[in-house]
Amino acid sequence: QAQLVESGGGLVQTGDSLRLSCAASLRHPFRYYGMGWFRQAPGKEREFVATISRSGSTDYSDSVKGRFTVSRDNDKKTVFLQMNSLKHEDTALYYCAAKQLILSAVPGHAPSDYDYWGQGTQVTVSS
């Protein structure tokens, strides 16, 4: 059964860093999947944070560009989100998502672009 498990969230102060991990157990080899990170704050819709393609190309929302870095380790079947210079407005439940793609495809920015989701890990940034 396909499964994504996020970890690494927590309570930090403004300016601190966190590294989120998402361990994948999917039907096909992990390298066949484009991966995304999304977040959802209370009362708000789930929003795109970052994506990483099968080839390692990355994309970020304007709100996190320059502060967050997404990476993947195909051998460990894990995708990471390094979050630096955290702000109060980064507070949210963070989800990873997976979509099987052809090698040249760019992962989408909409939640509906993905087939598999984790349960989320909470990030709280105190101001």
Side-chain angles (χ1 to χ4, degrees):
Q1 185 166 344
Q3 189 175 23
L4 298 173
V5 180
E6 302 95 337
S7 62
L11 172 62
V12 296
Q13 295 184 333
T14 299
D16 284 350
S17 298
L18 278 176
R19 189 191 195 204
L20 305 185
S21 299
C22 172
S25 176
L26 298 166
R27 174 174 296 184
H28 300 290
F30 181 67
R31 67 183 184 274
Y32 290 179
Y33 293 84
M35 302 298 295
W37 283 99
F38 291 78
R39 66 187 182 187
Q40 188 166 17
K44 295 188 177 182
E45 294 188 350
R46 193 168 300 191
E47 66 173 3
F48 156 72
V49 174
T51 59
I52 185 165
S53 71
R54 288 183 55 187
S55 63
S57 297
T58 59
D59 195 15
Y60 301 92
S61 69
D62 288 342
S63 62
V64 307
K65 196 171 295 182
R67 299 187 297 122
F68 290 12
T69 303
V70 59
S71 61
R72 64 189 296 159
D73 186 329
N74 288 340
D75 291 335
K76 295 182 178 179
K77 297 185 286 186
T78 302
V79 62
F80 304 97
L81 185 67
Q82 177 67 43
M83 308 186 295
N84 298 331
S85 302
L86 283 162
K87 304 176 181 180
H88 177 67
E89 49 264 43
D90 294 319
T91 296
L93 189 59
Y94 282 71
Y95 298 90
C96 70
K99 171 72 174 180
Q100 189 175 356
L101 299 171
I102 62 173
L103 185 59
S104 61
V106 175
H109 290 184
S112 59
D113 291 331
Y114 293 82
D115 297 323
Y116 303 102
W117 290 86
Q119 294 300 305
T121 185
Q122 179 67 38
V123 173
T124 303
V125 185
S126 63
S127 55

Participant: Is it true that atom CD of Gln13 has more than 12 heavy atoms of other residues, nucleotides or ligands lying nearer than 6.0 Å?
Facilitator: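 Count not over threshold, so no.
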Participant: With clusters defined by side-chain heavy atoms of hydrophobic residues (ILVMFWY) lying less than 4.5 Å apart, directly or transitively, does Val123 cluster with Phe38?
Facilitator: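 Shared cluster, no.
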Participant: Could you give the distance from CD (Gln3) to SG (Cys22), rounded to the nearest 0.5 Å?
Facilitator: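 Interatomic distance, Gln3 CD to Cys22 SG, rounded to 0.5 Å: 10.0 Å.
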Participant: Check whether any side-chain heavy atom of Tyr114 sits under 4.5 Å from a side-chain heavy atom of Pro107, and report yes or no.
Facilitator: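 Side chain of Tyr114 against side chain of Pro107, heavy atoms only: contact under 4.5 Å found.
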Participant: Is it true that Leu93 and Leu20 fall in one hydrophobic cluster, defined by side-chain heavy atoms closer than 4.5 Å?
Facilitator: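 Different clusters.
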Participant: Which pairs, with at least one residue in residues 78-110 and sequence neighbours excluded, count as a ring-ring contact (aromatic ring centres under 6.0 Å, His included)?
Facilitator: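 The answer is Phe48-His109.
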Participant: Give a yes or no on whether the backbone of Gln119 and the side-chain of Glu6 come within a donor-acceptor separation of less than 3.5 Å.
Facilitator: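 Such a contact is found between Glu6 side chain and Gln119 backbone.
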Participant: Distance check, rounded to the nearest 0.5 Å: Arg19 atom CZ versus Met83 atom CE?
Facilitator: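 Output value for this atom pair is 11.5 Å.
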Participant: Rounded to the nearest 0.5 Å, how far apart are CG of Asn74 and OH of Tyr33?
Facilitator: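 Here the rounded value is 12.5 Å.
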Participant: Could you tell me the separation between the CG atom of Leu11 and the OG1 atom of Thr124, rounded to the nearest 0.5 Å?
Facilitator: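 It is 6.0 Å, given to the nearest 0.5 Å.
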Participant: Are Val64 and Arg39 side-chain neighbours, meaning at least one heavy-atom pair lies under 4.5 Å?
Facilitator: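 Of all side-chain heavy-atom pairs linking Arg39 with Val64, at least one is under 4.5 Å.
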Participant: I'd like to know if Asp90 and Lys87 make a salt bridge, using a cut-off of under 4.0 Å between side-chain N and carboxylate O.
Facilitator: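 A salt bridge is absent here (no side-chain N lies under 4.0 Å from a carboxylate O).
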Participant: Donor-acceptor pair, Arg67 side chain versus Ser85 backbone, under 3.5 Å?
Facilitator: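 Present.
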Participant: Would you call Phe68 and Leu86 a side-chain contact if the rule is heavy atoms closer than 4.5 Å?
Facilitator: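 Answer yes - side chains close enough.
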Participant: Between Asp16 and Val125, is the side-chain contact (heavy atoms from CB on, under 4.5 Å) condition met? List the steps.
Facilitator: CA-CA 8 Å; Asp16 284 350; Val125 185; over 6 Å; no
Participant: Among all residues two or more places apart in sequence or in another chain, which pass the side-chain hydrogen bond (donor to acceptor under 3.5 Å, both in side chains) test with Thr91?
Facilitator: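 So Thr91 forms no side-chain hydrogen bond (donor to acceptor under 3.5 Å, both in side chains) with any residue.
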Participant: State yes or no: do Met35 and Leu101 share one hydrophobic cluster built from I, L, V, M, F, W and Y residues joined by side-chain heavy-atom distances below 4.5 Å, directly or via other members?
Facilitator: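 They do not share one cluster, since no chain of ILVMFWY contacts under 4.5 Å joins Met35 to Leu101.
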Participant: Would you find a donor on one side and an acceptor on the other, under 3.5 Å apart, between the side chain of Arg72 and the backbone of Gly34?
Facilitator: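 Not at all, since once roles are kept as given, no pair shorter than 3.5 Å links the two residues.
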Participant: Under a 4.5 Å cut-off applied to non-hydrogen side-chain atoms, are Thr14 and Ser127 in contact?
Facilitator: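 Yes, at least one pair of side-chain atoms sits under 4.5 Å.
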Participant: State, with a plain yes or no, whether a side-chain heavy atom of Gln82 is found less than 4.5 Å away from one of Ser17.
Facilitator: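 Yes, at least one pair of side-chain atoms sits under 4.5 Å.
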Participant: Any heavy-atom pair between the side chains of Phe30 and Asp75 that's under 4.5 Å?
Facilitator: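 Not in contact.
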Participant: Evaluate Trp37 against Val79 for side-chain contact (heavy atoms from CB on, under 4.5 Å), listing each step before the verdict.
Facilitator: CA-CA 9 Å; Trp37 283 99; Val79 62; 3.8 Å; yes
Participant: If we only count heavy atoms from C-beta on, is the Arg27 to Tyr32 side-chain gap below 4.5 Å?
Facilitator: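 Result no, sub-4.5 Å side-chain heavy-atom pair not found.
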Participant: Report the distance from atom CG of Asp59 to atom CD1 of Ile52, rounding to the nearest 0.5 Å.
Facilitator: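 So the gap between those two atoms works out to 11.0 Å.
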Participant: Kindly work out whether a path of hydrophobic side-chain contacts (I/L/V/M/F/W/Y, heavy atoms less than 4.5 Å apart) joins Val70 to Trp117.
Facilitator: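 As far as the 4.5 Å side-chain criterion goes, Trp117 and Val70 are not connected within one cluster.
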